[in-house]
S.K.: 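Structure in structure tokens, see below.
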Protein chains: 2
Amino acid sequence: MDQNSLPPIQTTARDDAVLKALVGFVSAEALRPGERLPTERILAERLKVSRNTVREALTRWEGLGLVERRQGSGTYLKAAVSPDMLHLPLTLAGGNDFTSLMQTLEIRRALEAEAAALCAERASPADMTEIERKLDIMEQAFRTRDGMSSEEDWEFHQAIYRVSGNPLFEQIIAAMHELFHRFWEHPLGVRDFGHASFPYHRTIYERIAARDPQGARAEALKLIATVEDDLKRGAAKLKFLGQT
Amino acid sequence: MDQNSLPPIQTTARDDAVLKALVGFVSAEALRPGERLPTERILAERLKVSRNTVREALTRWEGLGLVERRQGSGTYLKAAVSPDMLHLPLTLAGGNDFTSLMQTLEIRRALEAEAAALCAERASPADMTEIERKLDIMEQAFRTRDGMSSEEDWEFHQAIYRVSGNPLFEQIIAAMHELFHRFWEHPLGVRDFGHASFPYHRTIYERIAARDPQGARAEALKLIATVEDDLKRGAAKLKFLGQT
DNA sequence: AGTGGTCCAATGGTCCAACCAATTTCTACA
DNA sequence: TGTAGAAATTGGTTGGACCATTGGACCACT
């Protein structure tokens, strides 16, 4: 039997309907991020549903990062809303241990390489200027403080993601960045952590400037490889010292 | 059930506290996906919180795909829950259009290549047997139906993600698979959609079997490239016909 | 033994009315 | 005119009620 010939019927879908109505409202009113939505009480009255139902719908949107609620103030739009959005809720089993850090690094390696390659294909002259500016700032910070600067480093990489033309790169890696950051603060006792990765920032930039996707991909892979090496050294050191 | 695994929560930040308490409960009871959570009324009573607050917390979890609620039956765990989860709500603007499909394909290309490379490094003999089995099934289905079979094809790729040793690959791509699937059903009028990618499944397998990470990476990139080409052809065709 | 029907308790879904807590706005006083 | 305090606004929480669906128990009939 064809499985699709008997789809489950849809009986009740109150809050989904509320969501749909909200999408329609935001579109009709042309609300832009930062603007305030009607109050829950007004929405409940207009949509002829209880305030509880409105709240469930808004809770969903809040979970998706589409909306921010401020008690006493109101509910504010945080991102553009369109009728044909697609949501991919991901929950990663994170953690601070060596294994999960390596796993997130593997994901980052994959995305970093691809973003660099796409960047090399698509960067406009203006884009290149912007990336070079971020690179200069990063190198300057490196020389001044004689060490990797996670903040300027991160901005350089973000610029590449942005120029890649695919917002998903930045979204995914940004979500994992918190994890990296937490870890960056305590570099496992490896004093020169991140030093090895420094030169590859410029080589990546050069490959992008040369419109060489494969070269950019290769350099990005080398960069992440050095970070992985540092991570492994740190883990080995901790293990040697008997820590977890 | 252990009474002490659901202690009353502290004041302020109610629903976040409820979520934290729920995480603790699931951990303490070692609940596995598919098992049923306590009813909302019981949770409300144990946590000394109103049922509405419990519902808001569960709505969050439902939005994250962690939990499924069935009226009249109960609330069921859909995924493993750990205290240090990382939530990553991705929102794609535009559902079925060409741009967002290409964007997800770019992500998939990145992850597919990396997973194949890792797979080539880490696959055990048993793993290789499993992958080859999936490959045979897929090729069999291809010859029988004279066309790509999204189901068997998907299983082959999943096997690779699994053998890569990094669950994040499967999680991220699985989250996007729904999009691919919806699209696969309506291949944009390209009759032989996916045909071109067929031979690369075996070449990927061969590179993995040969313990050749770079080769596996290259073959995976070729596979996705054929899919992208099909997608572009389909988009051009639609544009030619004046559709959207 | 199996089939279908009926009933009933459990459970999530919705609603209401009130109050709490944070924020904003208005107002009266110095 | 400036500012502290009152009042209104708004999201957060509570408790209670009822509805819709589910799934098991029980029963009559074949």
Side-chain angles (χ1 to χ4, degrees), chain A residues 6-22 25-26 29 31 33-79 81, chain B residues 1 3 6-22 25-26 29 31 33-79 81:
Chain A
L6 268 183
I9 62 175
Q10 193 74 325
T11 50
T12 55
R14 267 295 208 284
D15 49 357
D16 277 343
V18 170
L19 257 328
K20 204 175 291 182
L22 272 183
F25 174 80
V26 172
E29 299 287 322
L31 286 189
E35 294 195 67
R36 214 188 72 172
L37 271 66
T39 73
E40 297 177 349
R41 289 171 175 85
I42 291 183
L43 285 174
E45 183 190 355
R46 293 273 211 284
L47 297 173
K48 294 286 185 240
V49 294
S50 96
R51 198 179 145 214
N52 259 335
T53 307
V54 171
R55 282 186 59 77
E56 290 234 344
L58 287 179
T59 299
R60 280 192 157 72
W61 268 19
E62 191 182 27
L64 291 171
L66 289 180
V67 113
E68 177 185 355
R69 293 150 119 179
R70 290 207 285 270
Q71 184 172 173
S73 178
T75 304
Y76 298 84
L77 209 57
K78 272 181 68 181
V81 169
Chain B
M1 187 200 322
Q3 298 275 344
L6 272 180
I9 65 174
Q10 311 293 344
T11 55
T12 66
R14 288 286 209 260
D15 50 354
D16 278 343
V18 169
L19 282 185
K20 205 172 290 182
L22 272 183
F25 173 78
V26 172
E29 299 289 326
L31 285 190
E35 293 195 69
R36 215 187 69 171
L37 272 65
T39 73
E40 298 177 349
R41 288 170 176 86
I42 292 183
L43 286 174
E45 181 191 358
R46 293 277 167 69
L47 297 172
K48 290 281 184 279
V49 153
S50 113
R51 193 179 147 215
N52 269 333
T53 306
V54 171
R55 282 186 59 78
E56 291 239 342
L58 287 179
T59 299
R60 281 194 154 75
W61 268 20
E62 191 183 27
L64 290 170
L66 289 179
V67 113
E68 178 185 356
R69 307 208 279 204
R70 289 208 286 271
Q71 184 174 170
S73 179
T75 304
Y76 298 83
L77 208 58
K78 273 181 66 180
V81 169

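Residue numbers begin at 1 in each chain, while the letters A, B, ... track the order of the sequences.
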S.K.: Closest nucleotide of DNA chain D for B/Ser73 versus for A/Glu40: which of these residues is on the 5' side?
M.R.: A/Glu40
S.K.: Counting heavy atoms not belonging to B/Glu35, are there more than 12 under 6.0 Å from its CD?
M.R.: yes
S.K.: Going by the rule side-chain hydrogen bond (donor to acceptor under 3.5 Å, both in side chains), which residues pair with A/Arg51 if we only count those two or more places apart in sequence or in a different chain?
M.R.: A/Glu40
S.K.: Could you check if a side-chain atom of A/Val54 sits within less than 4.5 angstrom of a side-chain atom of A/Arg41, using non-hydrogen atoms only?
M.R.: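 They are not in contact (no side-chain heavy atoms under 4.5 Å apart), so the answer is no.
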S.K.: Taking only side-chain N and O atoms of B/Thr75, does any of them lie within less than 4.0 angstrom of OP1 or OP2 on C/dG12?
M.R.: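 Yes, because at least one side-chain N or O of B/Thr75 sits under 4.0 Å from OP1 or OP2 of C/dG12.
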S.K.: Quick one: bend of the helix from C/dA1-D/dT30 to C/dA30-D/dT1 from 5 pairs per end, to 10°?
M.R.: 0°
S.K.: Of A/Leu43, A/Leu47, A/Leu22, A/Thr75, which is the lone residue that meets side chain to side chain contact (heavy atoms under 4.5 Å, CB included) with A/Pro38?
M.R.: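 When side chain to side chain contact (heavy atoms under 4.5 Å, CB included) is applied between A/Pro38 and each of A/Leu43, A/Leu47, A/Leu22, A/Thr75, only A/Leu43 qualifies.
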S.K.: To the nearest Å, give me how far apart CZ (B/Arg36) and C1' (D/dG24) are.
M.R.: 13 Å
S.K.: Look at the side chain of A/Arg41 and the base of D/dG11, then say whether one donor and one acceptor between them are separated by less than 3.5 Å.
M.R.: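 It does, because a donor-acceptor pair links the side chain of A/Arg41 to the base of D/dG11 below 3.5 Å.
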S.K.: For the backbone of B/Ser73 and the side chain of B/Arg36, can you confirm whether one donor and one acceptor N or O come within less than 3.5 Å of each other?
M.R.: yes
S.K.: So, taking the atom named CG in A/Leu64 and the one named CZ in B/Arg60, what distance separates them when rounded to the nearest 0.5 Å?
M.R.: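 Result: 11.0 Å between the selected atoms.
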S.K.: Return the value, rounded to whole Å, for the distance between atom CD of A/Gln71 and atom C1' of C/dA22.
M.R.: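 Atom CD in A/Gln71 sits about 5 Å away from atom C1' in C/dA22.
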S.K.: Take atom CD1 of B/Ile42 and atom C1' of C/dA9, then tell me their distance rounded to the nearest Å.
M.R.: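 Taking atom C1' of C/dA9 as the reference, CD1 of B/Ile42 is at 14 Å.
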S.K.: Once you round it to whole Å, what is the distance between C1' of C/dA10 and CZ of B/Arg70?
M.R.: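 Roughly 14 Å, once rounded to whole Å.
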S.K.: With a 4.5 Å limit on heavy-atom distance, are the side chains of B/Leu77 and B/Val67 in contact?
M.R.: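 With C-beta onward as the side chain, the pair touches.
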S.K.: What residues in residues 44-68 of chain A put a non-hydrogen atom under 4.0 Å from any atom of DNA chain D?
M.R.: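 A/Arg51, A/Arg55 - these, ordered by number, are the residues of the stretch whose heavy atoms sit under 4.0 Å from the strand.
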S.K.: Can you check the A/Tyr76 OH to C/dA22 P distance for me, whole Å?
M.R.: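 These atoms are roughly 17 Å apart.
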S.K.: Do A/Arg55 and B/Arg55 come close enough that some side-chain heavy atom pair is under 4.5 Å?
M.R.: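 The answer is no; the side chains never approach within 4.5 Å.
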S.K.: About how many Å separate CD of B/Glu68 and CD of B/Glu62, when rounded to the nearest 0.5 Å?
M.R.: 8.0 Å
S.K.: Within the pair B/Arg69 and C/dT11, is there a side-chain N or O less than 4.0 Å away from OP1 or OP2?
M.R.: no
